[in-house]
Engineer: 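My structure is below; once you've seen it, I'll send some questions.
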Amino acid sequence: MAEENRGYLLNEIGARKIAANVLADFQKLMPGLNVDPVEVHIYRRGHPLYMSTPGLYTQVQPLARHPMDRVFFANTDSEGPESTTNAGILAAQRAVKEVEARLAGKPAP
Ligand SMILES: Cc1cc2nc3c(=O)[nH]c(=O)nc-3n(C[C@H](O)[C@H](O)[C@H](O)COP(=O)(O)OP(=O)(O)OC[C@H]3O[C@@H](n4cnc5c(N)ncnc54)[C@H](O)[C@@H]3O)c2cc1C
């Protein structure tokens, strides 16, 4: 989206119009799909990424994913050097191991 058009995302009328345009374009590309979505999500700020500050990866994230008794954290922001689906899956796999260890009465892996 061109920078001068981004203001349209800041109010509901503009956001709805952009969503309608995207759906119309999508329908042109895939006419057989008969698009009728229940909802449309618009991300005003695009892809979220960390601010690269000292200690984030080595100090802050290990704290953010540390279990609290029976509460376990499986979110990409607690895991990766960047926010991705892959890091979200790795976080889920890590949290499952933590839960299994807890249920088996073993120390966290
Ligand atoms: C515009 C955009 C483009 C992206 N493009 C890519 C890409 O190309 N490739 C890629 O790898 N990654 C991409 N990402 C990043 C990727 O989507 C995320 O990193 C990933 O979805 C994070 O997974 P997650 O399970 O950690 O968190 P989420 O997917 O955010 O899941 C968290 C879930 O918890 C729910 N939730 C929150 N609070 C509560 C509560 N109190 N109670 C119950 N449920 C709650 C939320 O509704 C949500 O469903 C993109 C992200 C955005 C926004």
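Ligands are counted one by one from 1 in listed order, and the atoms in each one are counted from 1 as well. Count residues from 1 along the sequence.
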Engineer: Are any non-hydrogen protein atoms located under 4.0 Å from atom 37 (C) of ligand 1?
Structural biologist: no
Engineer: What protein heavy atom sits nearest atom 25 (O) of ligand 1, and how far away is it?
Structural biologist: A74 O, 4.5 Å
Engineer: Among all protein heavy atoms in this structure, tell me which lies nearest to atom 17 (O) of ligand 1, with the distance rounded to 0.1 Å.
Structural biologist: T85 OG1, 4.2 Å
Engineer: Just going by heavy-atom distances, which of L90, T76, T84 is nearest to atom 26 (O) of ligand 1?
Structural biologist: T76
Engineer: What distance separates L33 CG from L23 CG, expressed to the nearest 0.5 Å?
Structural biologist: 11.5 Å
Engineer: Do any non-hydrogen protein atoms sit less than 4.0 Å from atom 22 (C) of ligand 1?
Structural biologist: yes
Engineer: Do any non-hydrogen protein atoms sit less than 4.0 Å from atom 12 (N) of ligand 1?
Structural biologist: yes
Engineer: Working to the nearest 0.5 Å, report the span between OG1 of T84 and CD of E79.
Structural biologist: 9.5 Å
Engineer: Any N or O on D77 sitting closer than 3.5 Å to an N or O of ligand 1?
Structural biologist: no
Engineer: Do protein heavy atoms approach atom 19 (O) of ligand 1 to less than 4.0 Å?
Structural biologist: yes
Engineer: What residues, two or more places apart in sequence or in another chain, satisfy side-chain contact (heavy atoms from CB on, under 4.5 Å) together with E100?
Structural biologist: V96
Engineer: May I ask you to decide if F73's main-chain N or O and R65's side chain share a donor-acceptor pair within less than 3.5 Å?
Structural biologist: no
Engineer: Could any protein non-hydrogen atom be found less than 4.0 Å from atom 49 (O) of ligand 1?
Structural biologist: no
Engineer: Using 4.0 Å as the upper bound for N to carboxylate O, is an ion pair formed by R94 and E98?
Structural biologist: yes
Engineer: State the CG-OH distance between N21 and Y8, to the nearest 0.5 angstrom.
Structural biologist: 11.0 Å
Engineer: With nothing but distance in play, are any N or O atoms of N75 less than 3.5 Å from an N or O of ligand 1?
Structural biologist: yes
Engineer: What residue and atom, counting heavy atoms only, is the protein's closest point to atom 52 (C) of ligand 1, and at what distance?
Structural biologist: P48 CD, 3.9 Å
Engineer: State the CG-CD1 distance between L9 and I18, to the nearest 0.5 angstrom.
Structural biologist: 4.0 Å
Engineer: About how many Å separate CG of N11 and CZ of R16, when rounded to the nearest 0.5 Å?
Structural biologist: 11.0 Å
Engineer: Kindly indicate whether atom 40 (C) of ligand 1 is approached by any protein heavy atom to under 4.0 angstrom.
Structural biologist: no
Engineer: For atom 33 (C) of ligand 1, is the nearest protein heavy atom under 4.0 Å away?
Structural biologist: no
Engineer: Atom 4 (C) of ligand 1: which protein heavy atom is closest, and how many Å away?
Structural biologist: H47 CD2, 3.3 Å
Engineer: Closer than 4.0 Å and a protein heavy atom, does any atom meet both conditions relative to atom 44 (N) of ligand 1?
Structural biologist: no
Engineer: Quick one: CD on E82 to OG1 on T76, what's the gap to the nearest 0.5 Å?
Structural biologist: 8.5 Å
